[in-house]
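Just so you know, ligand 1 is whichever comes first in the structure, and atom 1 is the first atom listed for that ligand. Both backbone and side-chain heavy atoms feed into the values below; hydrogens, waters and symmetry mates do not.
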Amino acid sequence: MKVLILGSGGREHALAWAIARSPRVTEIVCAPGNGGMAQMARCVPVDLKDLDAMVRLAEAERPGLTVVGPEQPLSLGIVDALRERGLRVFGPTRAAAMLETSKGFAKQFLKRHNIPTANYAICSNAAEVNKIIEMFHAPIVVKADGLFAGKGVIVCPSRHTAVEAAQGLFSGALLGETAQQIVIEEFLEGDEISFLCLSDGKHVAPLVPSQDHKRVGEGDTGPNTGGMGVYSTDVLLDPAMSEWILRHIAEPTVAGMAAEGAPFSGVLYCGLMMTARGPQVLEFNARFGDPETQAILVRLESDLVDALEACIDGRLAETSLRWSAGASACVVASSGGYPGSYKTALPIAGLAAAAQVPGVEVFHAGTALKDGQILTAGGRVLGVTAAADSLRQALDRAYQAMAEISFEGMYYRRDIGHRALK
Ligand code: AMP
Ligand code: GLY
């Protein structure tokens with residue numbers, strides 16, 4: 001079977017790597033792909049913001065399965081468009097992806113279905129913010145409604161700064177784009193967990209839990225990023241808590257979407273805060289996480305393609321996922337300056353030596369293959385990923401491999417997973 005993977009990041013390289021292990025797969029096409037995917041698959045250019053171009057590509061390639069990585073094509077309705085043309089595609093429809101693409105929709109949905117989440121208000125102008133802000137105690141979280149690559153969330157230390165942040169989102173001063181709606185939210189305290197599940201629209205199958213490190217700096221300091229590293233262990237969530245999250249968050253979400261006429265099939269990514277009053281939904285994503293996917297898939301022992309197809313066919317209840325016991329970790333190497341501006345097209349050395357470290361997979365994110373040389377091509381450049389019997393060993397392996405790699409300005413956090421080691 002030919003598989004088409006849409007996307008160009010570390011998540012898509014990890015998906016391509018896991019999909020390539022399926023004995024049923026004969027060909028992988030990545031669009032647009034990156035330097036790592038170019039070494040294992042055929043890459044074809046496509047603009048992930050151009051629905052027609054993606055549809056034309058899929059119609060020309062006629063893949064047996066299309067897997068959508070990032071949120072942008074989902075928000076444009078790529079799944080609806082390919083399904084209409086009789087193509088098999090893994091991911092939610094545009095309507096179902098609203099769980100991610102509209103924070104306002106997601107919050108109202110959560111309240112409608114009594115799924116635990118922070119208290120909130122939705123405002124569409126500054127006057128509404130001024131009025132409602134009196135109901136909140138600092139710190140206050142202000143979120144732009146829409147896809148802003150994780151940059152639309154501001155934690156404000158006071159009511160006054162929250163009003164300012166809201167004004168900045170409405171005027172466009174903060175994001176370069178004006179927000180139509182914003183969500184004002186109670187600040188939640190606790191540990192964040194990425195709880196990802198597969199869904200076929202009816203049933204839910206959890207993937208192993210993981211914890212992302214979103215801040216750029218060690219000790220969780222500095223600005224938010226797409227994710228600087230992640231780890232997954234069996235002890236991150238005890239079985240009773242996993243079961244609780246499944247019963248009270250993931251399953252009611254899938255049942256609620258089906259009841260509202262927008263069944264959700266694909267990956268339901270529940271971003272949770274483990275608070276003193278229990279797990280609360282911070283956000284949903286309608287796709288695999290990046291870099292969560294890298295750490296999750298190195299622990300998957302069963303066939304990913306079978307599982308993705310079970311989601312498309314509504315057979316998830318008959319499918320079981322098998323995982324390696326133990327742990328995994330993914331450490332991201334980023335360009336100097338990320339998440340601000342940074343240089344690109346810098347040669348990367350040491351990739352072959354890094355790949356020799358036992359248990360390690362070096363997933364490429366922002367890289368390009370040019371004249372046989374791998375060059376940097378983005379903010380997050382590589383996800384050095386390792387699985388092992390223990391978190392300590394997984395981290396040791398990832399950092400040992402990382403030490404082999406170098407490029408000008410390369411930066412990575414040295415404390416991924418440290419909180420869990422204590
Ligand atoms: P979101 O895109 O909604 O997940 O927000 C991005 C990040 O902001 C989350 O991963 C949290 O670290 C933080 N965040 C969002 N909402 C809250 C909240 N209500 N309380 C505390 N932190 C939050
Ligand atoms: N790592 C966070 C995300 O994929 O949204």
Side-chain angles (χ1 to χ4, degrees), residues 7 9-12 14-15 68-72 74-75 97 99-107 110 116-122 136-157 162 165 169 175 179 182-196 207 209-216 220-232 266-277 279-297 330-332 334 339 363 365 379-380 383 385 413 416:
R11 160 184 53 211
E12 288 79 18
L15 285 166
V68 186
E71 58 275 23
Q72 181 102 43
L74 297 172
S75 73
L99 282 179
E100 170 167 8
T101 57
S102 170
K103 288 188 190 292
F105 172 82
K107 293 298 288 191
L110 286 162
T117 191
N119 289 319
Y120 72 100
I122 296 175
F136 287 84
H137 293 280
I140 300 169
V141 185
V142 179
K143 302 183 176 186
D145 192 355
L147 292 181
F148 294 100
K151 294 187 196 100
V153 176
I154 306 147
V155 177
C156 306
L169 291 176
L175 293 172
I182 65 166
V183 176
I184 298 183
E185 208 172 272
E186 157 200 23
F187 179 80
L188 298 175
E189 250 170 305
D191 267 345
E192 274 185 74
I193 298 275
S194 301
F195 190 87
L196 281 67
L207 309 181
S210 57
Q211 188 168 56
D212 191 7
H213 297 56
K214 287 197 171 137
R215 303 292 203 90
V216 73
D220 295 319
T221 54
N224 260 322
T225 69
M228 293 301 293
V230 65
Y231 71 92
S232 168
V267 175
L268 179 68
Y269 170 141
C270 307
L272 306 177
M273 190 71 93
M274 308 301 283
T275 73
R277 58 176 204 261
Q280 308 266 328
V281 177
L282 282 178
E283 64 162 344
F284 287 122
N285 293 316
R287 50 166 175 84
F288 282 103
D290 190 344
E292 285 90 339
T293 304
Q294 292 85 313
I296 289 171
L297 291 182
C330 169
V331 183
V332 170
S334 67
F363 294 120
R380 290 189 294 173
T385 309
R413 276 181 63 167
I416 301 303

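Look at Val155 and you'll find every heavy atom at least 4.0 Å from all atoms of ligand 1. The shell of residues lying under 4.0 angstrom from ligand 2, judged by heavy atoms, excludes Phe288. At least one heavy atom of Gly289 sits less than 4.0 Å from an atom of ligand 2. Glu283 does not count as a contact of ligand 2, since none of its heavy atoms falls under 4.0 Å from the ligand.
The Lys103 neighbourhood of ligand 1 comprises atoms 1 (P), 2 (O), 3 (O), with distances under 4.0 Å to a heavy atom of that residue. Using a 4.0 Å cut-off to heavy atoms of Asn285, the atoms of ligand 2 that qualify are 5 (O). Applying the 4.0 Å criterion to heavy atoms of Phe187 picks out, from ligand 1, the atoms 20 (N), 21 (C). Of all atoms in ligand 1, listed by their number and element, those nearer than 4.0 Å to a heavy atom of Met273 are 21 (C), 22 (N). Distances below 4.0 Å separate heavy atoms of Asp212 from the following atoms of ligand 2: 1 (N), 2 (C). Close approach of ligand 2 to Glu292 (heavy-atom distance below 4.0 Å) involves ligand atoms 1 (N), 2 (C), 4 (O). Against a heavy-atom cut-off of under 4.0 Å, Gly226 is close to the following atoms of ligand 2: 1 (N), 2 (C).
Defined by atom type and a distance below 3.5 Å, a donor-acceptor pair is missing between the side-chain atoms of Tyr120 and Glu185.
When all heavy atoms of Ala118 and Gln280 are compared, the pair lying nearest together is N-OE1, 3.7 Å. The nearest pair of heavy atoms linking Lys143 to Leu282 is NZ-O, 3.2 Å. Nearest heavy atom pair, residue Tyr231 against residue Gln211, reads OH-OE1, 2.7 Å. Nearest heavy-atom pair across Ile182 and Ala144 is CG2-CA, 4.3 Å.
Put simply, the side chain of Arg380 gets close to the backbone of Gly227: a donor and an acceptor are under 3.5 Å apart. Put simply, the side chain of Arg413 never gets that close to the backbone of Met228: no donor and acceptor are under 3.5 Å apart. Within the 3.5 Å criterion, the main-chain N or O of Asp290 finds no donor-acceptor partner in the side chain of Thr293. In terms of modelled atom types and a separation under 3.5 Å, the side chain of Glu12 and the main chain of Gly9 share a donor-acceptor contact.
At a heavy-atom cutoff of 4.0 Å, ligand 1 is contacted by the side chain of Val141 but not by its backbone. Contacts of Glu189 with ligand 1, taken as heavy-atom pairs under 4.0 Å, are absent altogether. When non-hydrogen atoms are compared, ligand 1 lies under 4.0 Å from the side chain of Val153 (C-beta onward) but not from its backbone.
Here the protein heavy atom with the shortest distance to atom 5 (O) of ligand 2 is Arg287 NH2, 2.9 Å.
Summarising the contacts of atom 16 (N) of ligand 1 with Lys214, Lys143, Arg215, Gln280, the nearest heavy atom is found in Lys143.
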Yes or no on salt bridge (Lys or Arg N to Asp or Glu O under 4.0 Å) for Glu192 and Lys214, after CA distance, side-chain angles and deciding distance?
CA-CA 10 Å; Glu192 274 185 74; Lys214 287 197 171 137; 3.8 Å; yes
